[in-house]
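First the structure, in the form of structure tokens, and then the observations on it.
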2 protein chains.
Amino acid sequence: MPTIEEVAKAAGVSVATVSRVLNNGQVSPKTRILVENAIRELNYEPNMLGRNLRRSESRMILTMIPNISNPFYSVIVEGIEDAARKNGYNILLCNTEADVEREKIYLDLLKQKLADGIITMEPAIDIDVLKEVGKRYPVVQCCEYSEKINIPYIAIDNVTAAYKATKHLLTIGHKKIALINSDEKFMYARQRKEGYIKALQEFDIPVNEDWIVNAGLSFESGQRMMKYLLSLKDKPSAVFAVSDILAIGALKTIKDEGLKVPQDIGVVGFDNIQFANMMNPTLTTIEQPRYQMGVEAAEMLIKRIKDKKQKVENVILDHQLIIRESTMEY
Amino acid sequence: MPTIEEVAKAAGVSVATVSRVLNNGQVSPKTRILVENAIRELNYEPNMLGRNLRRSESRMILTMIPNISNPFYSVIVEGIEDAARKNGYNILLCNTEADVEREKIYLDLLKQKLADGIITMEPAIDIDVLKEVGKRYPVVQCCEYSEKINIPYIAIDNVTAAYKATKHLLTIGHKKIALINSDEKFMYARQRKEGYIKALQEFDIPVNEDWIVNAGLSFESGQRMMKYLLSLKDKPSAVFAVSDILAIGALKTIKDEGLKVPQDIGVVGFDNIQFANMMNPTLTTIEQPRYQMGVEAAEMLIKRIKDKKQKVENVILDHQLIIRESTMEY
DNA sequence: TTGAAAGCGCTAACAG
DNA sequence: CTGTTAGCGCTTTCAA
């Protein structure tokens, strides 16, 4: 691999001039052509290791994904990657498995200068630690966020989204609606519960605590919670699950117990993952603009990397209720 | 951020000694403690930009994933990441979307020294180009591969796997078995077709070309192909699809047309993605040891990075037929 | 418009 | 066992 010096020699100029050509600096047209020819002939590509050290940047964005196998996140990552790449950044993939220790190791990459900033999706780490990291390095929260730590976020209005989902069930006649929520340590879980309650209240339906359950994030959790709900004496006639995966678990249990969706039980999910539309019946859900969220997160982070003193401005993107077979009027 | 020099000063030693401590070189216990204390007090972390330039390595593995939203790949990537991280490498995520231009940009990262090697999953690029890349840089093929280019690969025995899947259908009594294959430009597609034919021949069943269709890789392709198969005068009684996503598409069409699985039509997929077990009915499929494939690919690549003259040795991992509801005896 | 030269932070050869 | 020093490839003053 040729270095900048060899290019300079071949073109009969100094390395400074080659560098200027590389970075669109002030160079006379004639010299520029000379240098460009040399670059082409030697098939030269700048060594980023040298550039990065000199500039003291890595042009890497650390993307902390709780679980890369969760199809909810993959589309966000696509958006992040496309936006990053467009701005000359690469993505460092960090699958956290919601493990605090792993996250800590990843955060060290910032100190080691291997990443210029981070996008978090669902930090497992202590919120105060994250706050400290946010003071020293560019950080953006994507989807799940905390408002108290002065780190900008991209999200949707979870309260309204959950409100719409629940209201949809109410509108088609359901009065007994269960909520399969995830852990309420998550902001989004608290917000979605709030929206759910808001809708019930609007329809003068009392909240039945038996019908509000907290699950993990897995398919199996969804199954388990649904099994519990169906074991109740007073069974719900519909379920709103805060993720499609949970809803798909619920769907499976309902069918396994010989009941029919939507005739016996209506089901609404959340996220609109690809599989929501592959199920039988297809799943009514809330569409989150995941690709766009990724794009905005990356762009916001890059802005912050370039100008550390950027003011924190959060972004709330639109969501959408998508009605499918699992809540066809009954 | 303190540099190695500041640590040296604080510890009262030279930078070389600090470097030795950092890299487990020869240092007297006393000095080592001195240095370690200084490191701790200053909260020092080595700047990898400096180290990487000096060593002329990036400790990054470029992972070219055709489609990050395809759950088949995500588990492989988990394996790659874990194994890489264990060896001090990070993963550069590159979503190719099966786009040749994107792949080319990613390959440039090697020249730019931003990655030390590549793992390809399903290269869209011209095989000769890949061969050239393989001559100059460490490359490992994972899953889909070409044998002619002298680049090592990790894969399963696709012929035998497809043979087993088909034989299973034959064993439970099916005689009219369709094959929903993907594009035969892929080695694995040709191999799986071979296994399918081999099983039929073993049971003295003639191959019916009408029942062999080539689809894309999407759910929609699966639906479309199944629709075609059901439109035939002489319909198959079972389908072997070369991916779970295709099989899930087929499942959906079959149900939409009012038929039942497995009673009317048996379905076998391939890959054992998480969702195969969430469907209704659950999907019989071939399990590929995806995590392990990722681990082996990463380890093999790292070996090649460390010793460029490593001899090419391919790895074939075990697969397994997993029988579920979609082929319960009928 | 161009070149000379310093230096980013680190490692490793060499000398002691 | 430890220190001195060159230099990885690049960018960026500064001076011409």
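None of these values were measured; they are calculated from a predicted model. In what follows, chains are A, B, ... by sequence order, proteins preceding strands, each numbered from 1.
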**Message:** A/Pro152 and side-chain contact (heavy atoms from CB on, under 4.5 Å): which single residue from A/Glu313, A/Lys303, A/Arg304 fits?
**Reply:** A/Arg304
**Asked** Pick the nucleotide of DNA chain D nearest each of A/Pro2 and B/Arg54; which residue has the one closer to the 5' end?
**Response** B/Arg54
**Message:** Please pick, from C/dC10, C/dG3, D/dT5, the nucleotide with the shortest atom-to-atom distance to any side-chain atom of B/Val15.
**Reply:** D/dT5
**Asked** Are A/Tyr44 and D/dG9 close enough that a side-chain N or O sits under 4.0 Å from OP1 or OP2?
**Response** no
**Asked** What is the distance, rounded to the nearest whole Å, between atom NZ of B/Lys9 and atom P of D/dT2?
**Response** 20 Å
**Request:** Grab the CG-P distance between B/Asn52 and C/dG9 for me, whole Å please.
**Result:** 14 Å
**Item:** Nearest-Å distance for atom pair CZ/P, residues B/Arg55 and C/dA13
**Value:** 12 Å
**Request:** Verify the contact: side-chain N or O of B/Ser28 to OP1 or OP2 of D/dT2, cut-off strictly under 4.0 Å; return yes or no.
**Result:** yes
**Message:** Would you say that B/Asn90 contacts A/Leu114 through its side chain, given a criterion of any heavy-atom pair below 4.5 Å between the two side chains?
**Reply:** yes
**Message:** Nearest 0.5 Å, please: how far is CD in B/Gln288 from SG in B/Cys143?
**Reply:** 5.5 Å
**Asked** Can you tell me how far P of C/dT1 sits from CG of A/Asn24, to the nearest Å?
**Response** 14 Å
**Request:** May I ask you to say whether A/Glu6 pairs ionically with A/Lys9, meaning some side-chain N is under 4.0 Å from a carboxylate O?
**Result:** no
**Message:** Let's see if you can work this out: which of D/dG3, D/dC1, D/dG9 has an atom nearest to the side-chain heavy atoms of A/Ile4?
**Reply:** D/dG9
**Prompt:** Tell me: NZ of A/Lys111 to P of C/dG9, nearest whole Å?
**Reply:** 16 Å
**Length of the CG-C1' vector between B/Leu34 and D/dC1, whole Å** = 14 Å
**Message:** By nearest atom, which of the nucleotides D/dT4, C/dA4, D/dC10 is closest to the A/Ser14 side chain?
**Reply:** C/dA4
**Fill in**
With the side chain defined as heavy atoms from C-beta on, A/Arg20 is closest, among D/dC10, C/dA4, D/dT4, to C/dA4
**Item:** Residues A/Tyr291 and A/Asp82: side-chain donor-acceptor under 3.5 angstrom
**Value:** yes
**Message:** What's A/Leu49 touching, base or sugar-phosphate or nothing? Going by heavy atoms closer than 4.0 Å.
**Reply:** nothing
**Prompt:** Can you tell me if the side-chain N/O atoms of B/Asn23 get under 4.0 Å from OP1 or OP2 in C/dT11?
**Reply:** yes
**Prompt:** Taking the side chain of A/Arg51 as heavy atoms from C-beta outward, which of D/dC1, C/dA12, D/dC10 is closest to it?
**Reply:** D/dC10
**Item:** Interatomic distance, B/Lys113 NZ vs C/dC10 P [rounded to whole Å]
**Value:** 20 Å
**Message:** Judged by each residue's nearest nucleotide on DNA chain D, which is more toward the 5′ side, A/Thr3 or B/Arg32?
**Reply:** B/Arg32
**Message:** Without decimals, in angstroms, what is the distance between A/Met48 CE and C/dG9 P?
**Reply:** 20 Å
**Message:** Please classify the nucleic acid contact of B/Thr17 as base, sugar-phosphate, or nothing, using heavy-atom distances under 4.0 Å.
**Reply:** sugar-phosphate
